[in-house]
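Throughout, protein chains are lettered first and strands after them, A, B, ... in sequence-line order, and every chain is numbered starting at 1.
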There are 2 protein chains.
Amino acid sequence: MRFSKKSEYGLRALIELTKHYGHPITRQQIAEEQHVPIVFLEQILLSLKHAGLLASTRGIQGGYQLIKPPKDVTLGQVIRVLDGPLAPIGCVSKTAYRKCEDCPYAKKSYCPLQHVMGGVRNAIADILDNYSLEDFISGTRSNRPARLGAVRRKSERA
Amino acid sequence: MRFSKKSEYGLRALIELTKHYGHPITRQQIAEEQHVPIVFLEQILLSLKHAGLLASTRGIQGGYQLIKPPKDVTLGQVIRVLDGPLAPIGCVSKTAYRKCEDCPYAKKSYCPLQHVMGGVRNAIADILDNYSLEDFISGTRSNRPARLGAVRRKSERA
DNA sequence: TTAATGTTTAGTAAAGTTGTCGAGATTGTA
DNA sequence: TACAATCTCGACAACTTTACTAAACATTAA
């Protein structure tokens, strides 16, 4: 149940991009600062760009920059772009639901596995979809509404 | 962030084994009941046996059986046997800790990634290490101590 | 003995992970 | 214009993991 290096590097890159929010930095700067293999990093930055999180400018003085306010980008969004759905099994994913092919419970009203794994997916999404880049670099999950059934930012999808 | 088929099949097999707790059933019965490829299933049952969860008897009338009371086996244990640690990155695992090789935060006192991922690992382990096979087949997390800081079964490891 | 079972070792096709390489396209500056 | 720094894009390759299958063998009950 691991996240890939891709997600890890991507998140580390976003730490750097968030620190420099407002002006572009080069892949080289990011790679050096965060110790990420530069050509692999490029792929990752491209994915994040295509997902609409980054903008890039070419040429001298070029580089990548974050185009959304750090508090509006959640770690959940980033990880879904780079690693796919958060859900531990397909039949509990909200972004990429896949019905179980030959699960004997598929046609019944209740599946034990689905029940537990649904809980796991929600626990993961509750954290990652409520944790922004701003929280990330400051190290605090800032003033989110408390848990315990209070209204909270919707645990978007998984 | 998926669990493998191995874990999924293993858990489905354990549903069957829990239902028949007390006497052996054959891989064939399990395979048919749960629609799991039989030869692959065998590997899985062997792993669970080596982990001390199952016993097997050979020959006619043989089969596999659960040797621990269903309420003493947690889903977390099972998944760790079949899929490895629950932790999403090595440096937050309690069962299989691996220090980050070249993370620039490795030598500092605080790592943002470690902070968030530690939370994720605990959320997952809190569920899976407190959910027994008994709960699993009954579909209810029975009378576990409530959340909210109350004493609860230790979230063992990940 | 024989048939039903588990045991063990090997192998393997497909997919995923973690990268590298190289030929361009674009841009600011001299 | 020429040049150098940068991003862009597609290919590809080594390695690992996943999800299996095959086959020879060991054990047991009837």
Side-chain angles (χ1 to χ4, degrees), chain A residues 1-13 17 20 23-32 34-51 53-67 79 81-85 88-90 96 98 100-102, chain B residues 1-13 17 23-32 34-51 53-65 67 79 81-85 88-90 100-102:
Chain A
M1 263 289 278
R2 306 230 157 172
F3 289 121
S4 66
K5 285 286 172 190
K6 207 166 167 182
S7 277
E8 188 191 320
Y9 292 162
L11 291 172
R12 296 234 300 262
L17 287 158
H20 297 83
H23 57 275
I25 52 176
T26 68
R27 0 163 244 184
Q28 192 155 22
Q29 274 179 274
I30 301 174
E32 278 169 14
Q34 293 286 335
H35 298 124
V36 174
I38 190 166
V39 200
F40 191 29
L41 174 63
E42 188 175 281
Q43 280 184 20
I44 295 169
L45 293 172
L46 262 277
S47 296
L48 294 174
K49 179 188 173 177
H50 294 151
L53 299 180
L54 305 183
S56 60
T57 48
R58 288 177 166 192
I60 260 175
Q61 308 284 19
Y64 293 88
Q65 65 185 305
L66 192 58
I67 51 175
I79 291 173
V81 168
L82 298 175
D83 252 13
I89 57 176
R98 271 185 57 89
C100 306
E101 285 307 324
D102 40 15
Chain B
M1 264 288 278
R2 306 230 157 174
F3 289 122
S4 66
K5 286 286 173 190
K6 206 167 167 183
S7 277
E8 188 190 321
Y9 291 162
L11 291 172
R12 296 235 301 263
L17 288 158
H23 57 275
I25 53 176
T26 69
R27 8 165 236 184
Q28 193 155 23
Q29 275 180 274
I30 300 173
E32 277 169 15
Q34 294 285 335
H35 298 124
V36 174
I38 189 165
V39 198
F40 191 30
L41 174 63
E42 189 173 281
Q43 279 183 19
I44 296 168
L45 294 172
L46 261 280
S47 298
L48 294 174
K49 178 187 172 178
H50 293 150
L53 299 179
L54 305 183
S56 61
T57 48
R58 288 176 165 192
I60 260 174
Q61 306 284 18
Y64 292 89
Q65 64 184 306
I67 50 175
I79 290 173
V81 168
L82 297 175
D83 253 10
I89 56 176
C100 306
E101 284 307 325
D102 39 14

Check nucleotides 23-26 of chain C for protein N or O atoms closer than 3.5 Å to its own N or O atoms and list the pairs.
from   : atom 1 : to    : atom 2 : distance (Å)
C:dT26 : O4'    : A:R58 : NH1    : 2.7

Nucleotide N/O of nucleotides 18-21 of chain D paired with protein N/O under 3.5 Å:
from   : atom 1 : to    : atom 2 : distance (Å)
D:dA19 : OP2    : B:K5  : N      : 2.9
D:dC20 : OP2    : B:Y9  : OH     : 3.0
D:dC20 : N4     : B:Q43 : NE2    : 2.6
D:dT21 : O4     : B:Q43 : NE2    : 3.0

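The minimum heavy-atom distance between B:R12 and B:Q34, with the atom names listed, is NH2-O, 2.6 Å. Minimum interatomic distance between B:V81 and B:A51 (heavy atoms only, all atoms of both residues): CG2-CB, 3.6 Å. Of all non-hydrogen atoms in A:G10 and A:I44, the two that sit nearest each other are CA-CG2, 3.7 Å. Heavy-atom minimum distance, B:Q28 versus B:I38: CA-CD1, 3.8 Å.
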Decide yes or no on side-chain contact (heavy atoms from CB on, under 4.5 Å) for A:L46 and A:Y64, but give the supporting numbers first. CA-CA 9 Å; A:L46 262 277; A:Y64 293 88; 3.2 Å; yes
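Distance A:Q61 CD to C:dG28 C1': 7 Å, rounded to the nearest Å. Taking atom CD of A:Q29 as the reference point, atom C1' of D:dA5 lies 13 Å away to the nearest angstrom. With rounding to whole Å, A:H50 atom NE2 is found 7 Å from D:dT8 atom P. Computed from coordinates, the A:I44 CD1 to C:dT17 C1' distance equals 11 Å when rounded to whole Å. The distance from atom CZ of B:R2 to atom P of C:dT17 is 11 Å, rounded to the nearest whole Å. In this structure, A:E8 places its CD atom 10 Å from P of C:dG19, rounding to the nearest Å. Distance, A:L41 CG to D:dT6 C1': 14 Å, rounded to whole Å. Regarding B:L54, its CG atom lies at a distance of 10 Å from the P atom of C:dT7, rounded to whole Å.
At the phosphate of D:dT8, OP1 or OP2 sits under 4.0 Å from a side-chain N or O atom of A:S56.
Side-chain contact between A:P24 and A:Q61 is absent, with no heavy-atom pair separated by less than 4.5 Å. Counting heavy atoms from C-beta on, the side chains of B:L17 and B:I30 come closer than 4.5 Å. Considering only heavy atoms from C-beta on, B:I67 stays 4.5 Å or farther from B:L53 through its side chain. Inter-residue side-chain proximity for A:S47 and A:L82 is flagged as met; some heavy-atom pair is nearer than 4.5 Å.
Closest to the side chain of B:L46, out of C:dT7, C:dT5, D:dT8, is C:dT7.
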